[in-house]
Amino acid sequence: MSTDFLRLSSLSTAGVKEDAHGYLIHATATTETRLCPSCHSASIRKYGAREQVYNDCPIHGKHVSILVQRQRYRCNDCKKLWHEEINDLSGQRRVTKRLKEYIEKHSLKRTFIDVAEETGIDEKTIRNIFHDYVSKLAEEIKFEAPKWMGIDEIHIISKPRVVITNIEMNTAVEMLPNRNKASILNYFNSIENPQTIHYVAMDMWRPYRDAVLEKIPHAKVIVDKFHVVRMVNDAMELVRKAVRKDLSNKERRTLMHDRFVLLKRLHDLTAEEHLKFSSWVENFPLLGEAHASKEDFYAIWELTNRDEAEATYDRWVKNLSTELSPYFSDLIRATSNWRNEIFNYFDHPITNGYTERLNNLIRVMNRVERGYAFDALRAKILFTEGVQKHRKNSSSRSRRRNQAVTAVTISNVTADLQPDKEISFKNYGADIETLVRWIEEGRL
């Protein structure tokens, strides 16, 4: 059998056995050891041999195992013992280097079980190779610090996790294992250029704000408006549940099904929904009053001037009736505690809308890849080849352009200009639109 069967430069095929499950290839090393790897002495001698089995990439849909007779040597000078080095074999695990690379690439896009079944390797080994690869990627791949940073959270795999996004570029740049202040601080400490962060959108979780104030105090904190208006819907729900307590069983069920009518904006109601809405607010004035207050609160977020928005909010609080105020107390208290950060939105209208979309995708991936550990899910989102958004460094373009102009001026010719050989790219993280498309196409 020719060496073309393996196509590995450091191994020669001595024989092939095939059965229904795969191939067993007998191979020998094509290189010869001449020096001790420790002291580089040429005074070495053979010291027995050992048969070792290595897994290789599947061929014709079958598993491949390579049985190698590895020579052992002993140095006469330093007495060191070692096995001969075979370049195509991985030094850490019993796999070829090309199979290791295959596993690294495919385990980011497919389940560990799927890759294990295809290659004939234990799932635990697939996981170990994957984790080593992810650790290497985390060292090599550095995302640009977002100018507009989004901090949001998602509850997956039994606990809340933090998702960091680049709002301006619509990319994901990090996922943290928890939402503790220490985790946020560790992430901020890892950012190479924190001074480039101008705005940070977040929900009203104090550890986020405290971490920003401690590590990037120059950044403007903006509470995501969707978290604020969500609280007015929560207040509307409290009023609905209070009214429901005094209803008959049939009316309770009806009001439960109609709750979305009360939560929708008035101008979004269909004709049928408007009839249901009118019936409830006419029969239960407190529902009508609460809904009107909800609509007035939403209207604040349609304003464009901060001073006007704050003044309108203050009037809104003052106009709440004594009966209605307790239902909105959580919203009023939160606004009091976060007033500056909430109304910063009117100066810098950025939100975590794309972060919320990413969170929905993460939930989908978590359901599909049930049983994944958090770090595996994180790696698939951040490091999968092809999902990251790169752009040429604008300073490099300017430098090349300036050099070209200078060259033309000096030589008075336009031909034979030599551009910079080194073109730098900025990596802005995992593109959310690409993640959406790949998940919809079943590629992730």
Decide, yes or no, whether a salt bridge links [X] with [Y] under the criterion of side-chain N to carboxylate O below 4.0 Å.
X: Glu153; Y: Arg179; value: yes
X: Glu433; Y: Arg437; value: no
X: Arg93; Y: Asp132; value: yes
X: Asp330; Y: Arg333; value: yes
X: Arg265; Y: Glu302; value: yes
X: Glu341; Y: Arg209; value: yes
X: Arg306; Y: Glu310; value: yes

With rounding to the nearest 0.5 Å, note down the distance linking [atom1] in [X] to [atom2] in [Y].
X: Arg391; Y: Glu144; atom1: CZ; atom2: CD; result: 11.5 Å
X: Ile184; Y: Glu174; atom1: CD1; atom2: CD; result: 9.5 Å
X: His83; Y: Thr33; atom1: NE2; atom2: OG1; result: 11.0 Å
X: His63; Y: Glu117; atom1: NE2; atom2: CD; result: 8.0 Å
X: Leu35; Y: Ser41; atom1: CG; atom2: OG; result: 8.0 Å

Does the structure place the NZ or CZ of Arg72 under 6.0 Å from the centre of the six-membered ring of Trp82, at an angle of no more than 45° from the ring's axis? no
With a distance cut-off below 6.0 Å to the six-membered ring centre and an angular limit of 45° from the axis, does Arg74 pair with Tyr47 as a cation-pi contact?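 Because its charged atom sits under 6.0 Å from the ring centre and within 45° of the axis, Arg74 does stack over Tyr47.
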For the rings on [X] and [Y], is their centre-to-centre separation under 6.0 Å?
X: Phe328; Y: Trp316; answer: yes
X: Phe130; Y: Phe112; answer: yes
X: His390; Y: Phe425; answer: no

Determine whether the side chains of [X] and [Y] contain a donor N or O and an acceptor N or O closer than 3.5 Å.
X: Tyr54; Y: Gln52; result: yes
X: Arg45; Y: Asn76; result: yes
X: Tyr327; Y: Arg240; result: no
X: Thr96; Y: Asp88; result: no
X: Asp431; Y: Thr171; result: no
X: Lys389; Y: Asn427; result: no
X: Tyr298; Y: Asn233; result: yes
X: Glu101; Y: Tyr133; result: no

Over 60° means perpendicular and under 30° means parallel, so tell me whether Trp205 and Tyr208 are parallel, tilted or perpendicular. perpendicular
Between Thr31 and Ile86, is there a side-chain heavy-atom distance shorter than 4.5 Å?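 No, every pair of side-chain atoms sits at 4.5 Å or beyond.
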Within the structure provided, determine whether Val53 and Ile66 are in side-chain contact (heavy-atom separation under 4.5 Å).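 Not in contact.
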Residues, nucleotides or ligands: over 12 heavy atoms within 6.0 Å of [X] [atom1]:
X: Lys220; atom1: NZ; value: no
X: Lys17; atom1: NZ; value: no
X: Lys124; atom1: NZ; value: no
X: Gln195; atom1: CD; value: yes
X: His218; atom1: NE2; value: yes
X: Lys105; atom1: NZ; value: no

